[in-house]
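Written below as structure tokens is the structure these notes are about.
Below, chain A is the first sequence line, B the second, and so on; all start at residue 1.
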2 protein chains.
Amino acid sequence: MRMNKGVEWATHACTLLAPLGPDKGLSLTALADYHGVPQPYMAKQMQALSKAGIVRTSRGKSGGYALARPVDDISLWDIKQAVDGPEPAFRCTEIRQQGPCALPSAECKTPCAIAAAFARAEAAYRDALRGIKLSAIVSDVAGHADAKHIGDIVAWYQAHVTEMPVRP
Amino acid sequence: MRMNKGVEWATHACTLLAPLGPDKGLSLTALADYHGVPQPYMAKQMQALSKAGIVRTSRGKSGGYALARPVDDISLWDIKQAVDGPEPAFRCTEIRQQGPCALPSAECKTPCAIAAAFARAEAAYRDALRGIKLSAIVSDVAGHADAKHIGDIVAWYQAHVTEMPVRP
DNA sequence: AATATTCGGATATTAAATATCCGTATTTAA
DNA sequence: TTAAATACGGATATTTAATATCCGAATATT
């Protein structure tokens with residue numbers, strides 16, 4: 001079982017957008033370059049985030065991406081769901097309805113006990129991710145960076161941030 | 001994110017072996033036929049279970065597979081782990097160490113906050129699966145089967161069970 | 001109004017993981 | 001000794017993920 005790598009990149013991208021507030025953003029190029037990931041694939045993730053309403057975009061010259069909601073209102077589950085889709089990892093193929101002792105489909109109204117068990121575990125996973133907000137990630141990262149590195153980041157921000165004021 | 005389909009088959013196979021107790025088993029052919037899954041692929045899963053000490057095997061004529069431990073001592077996590085391997089779904093690629101503002105590797109002793117967060121969620125998933133024992137699955141399935149179907153299963157068992165006494 | 005820049009989306013292309021199958025060796029009851 | 005069964009390694013096909021390319025639509029700037 002392996003998670004879509006795009007989830008990692010999308011989460012890093014959101015972490016990078018977080019300190020900018022609602023009125024500033026970064027272009028796709030900047031987001032891709034910052035972490036050295038291929039631009040077209042980064043675009044795919046950002047578009048998924050955009051569709052899910054996690055980031056908003058503005059096009060044309062000086063366009064880019066900005067967070068669409070407060071950092072306390074974006075959970076890791078939101079991001080994972082947006083990029084990785086809504087399907088559960090365990091997908092019941094109803095093999096109980098096959099073979100010499102197959103259950104007739106009339107008796108399969110209740111979900112297979114095995115599928116139900118895995119679904120409960122995935123619900124626990126989901127709830128854990130729901131409890132982790134972008135704000136917690138950002139403050140954790142900030143707490144570990146040293147002064148020099150923060151300087152680098154600030155300089156990079158100043159060179160790349162684009163204005164994306166929210167219009168009423 | 002999609003789970004290895006073999007986990008489903010392996011779990012069903014264990015569920016089928018559970019009522020037989022430690023001294024009786026089923027051949028690979030029987031296990032594969034019961035749920036109508038391809039035999040060579042079923043073999044792969046059973047061998048994984050065997051390596052993990054969840055089932056024991058006996059080779060040669062009248063050989064087969066039997067559970068190696070009491071049904072209360074086998075969790076869904078054990079099975080998932082045996083078939084799907086130990087690697088986490090989220091794998092940090094350390095992209096914080098790449099790009100124009102890359103963190104020097106000296107500062108990356110503590111794990112990336114994002115990776116750590118996903119790891120916590122996977123721990124919740126693991127703990128949930130650990131809490132679900134094969135015994136619970138078996139009794140749940142048994143509770144939902146009707147009398148006629150149970151008759152079918154008993155007849156099938158009688159035709160396919162092989163003796164696999166535990167030798168001291 | 002023209003233009004350069006940027007996102008959106010569709011579509012290849014490549015790489016990786018999963019699923020399936022086969023052949024041979026090894027074990028064991030009869 | 002023989003027949004029947006699993007173990008193991010590898011070969012192949014299928015599916016999914018990752019990467020790259022392209023063109024059209026939108027928009028800020030000139």
Residues B:Arg91 and B:Glu87 bridged, charged N to O under 4.0 Å
yes

Ion pair check, A:Asp78 and A:Arg130, cut-off under 4.0 Å:
no

Under 3.5 Å donor-acceptor, B:Ser50 side chain and B:Met46 backbone:
no

Donor-acceptor check, side chain of A:Arg120 to backbone of B:Ile132, threshold 3.5 angstrom: yes or no?
no

Could you give the side-chain donor-acceptor pairs of residues 152-159 of chain B under 3.5 Å, partners two or more places apart or in another chain?
| unit_1 | atom_1 | unit_2 | atom_2 | d |
| --- | --- | --- | --- | --- |
| B:Asp152 | OD2 | B:Lys148 | NZ | 3.2 |
| B:Trp156 | NE1 | B:His160 | ND1 | 3.3 |
| B:Tyr157 | OH | B:Leu16 | O | 2.4 |

In this structure, how many angstroms lie between the [atom2] atom of [N] and the [atom1] atom of [X], rounded?
{"X": "A:Tyr41", "N": "C:dC7", "atom1": "OH", "atom2": "P", "value": "18 Å"}
{"X": "B:Met46", "N": "C:dT20", "atom1": "CE", "atom2": "C1'", "value": "18 Å"}
{"X": "A:Met3", "N": "D:dA17", "atom1": "CE", "atom2": "C1'", "value": "14 Å"}
{"X": "A:His160", "N": "C:dT5", "atom1": "NE2", "atom2": "C1'", "value": "15 Å"}
{"X": "B:Gln45", "N": "D:dA7", "atom1": "CD", "atom2": "P", "value": "13 Å"}

Nearest nucleotide by nearest heavy atom, which residue falls closer to the 5' end of DNA chain D, B:Arg2 or A:Pro40?
B:Arg2

A:Gln98 versus A:Glu94: any side-chain heavy-atom pair under 4.5 Å?
no

Looking only at heavy atoms, what is the nearest atom pair of B:Leu129 and B:Ser75, with distance?
O-CB, 3.7 Å

Distances for protein N or O near nucleotides 2-6 of chain D N or O, under 3.5 Å:
| unit_1 | atom_1 | unit_2 | atom_2 | d |
| --- | --- | --- | --- | --- |
| D:dA5 | O4' | B:Gly60 | O | 3.2 |
| D:dT6 | OP1 | B:Leu28 | N | 2.2 |

Start with the C-alpha distance between B:Glu8 and A:Cys92, add both sets of side-chain angles, then the distance that settles side-chain contact (heavy atoms from CB on, under 4.5 Å), and finish with yes or no.
CA-CA 7 Å; B:Glu8 183 184 8; A:Cys92 181; 3.9 Å; yes

Touch check for A:Met1, heavy atoms < 4.0 angstrom, all strands: base, sugar-phosphate only, or nothing?
sugar-phosphate

Full working for side-chain contact (heavy atoms from CB on, under 4.5 Å) between A:Met3 and B:Phe118
CA-CA 11 Å; A:Met3 178 172 297; B:Phe118 276 96; 4.2 Å; yes

Pull out every protein N or O sitting under 3.5 Å from an N or O of nucleotides 11-14 of chain C, one pair per line with the distance.
none

Give none if D:dT15 has no partner; otherwise give the nucleotide forming a Watson-Crick or G-U wobble pair with it, both distances under 3.5 Å.
C:dA16

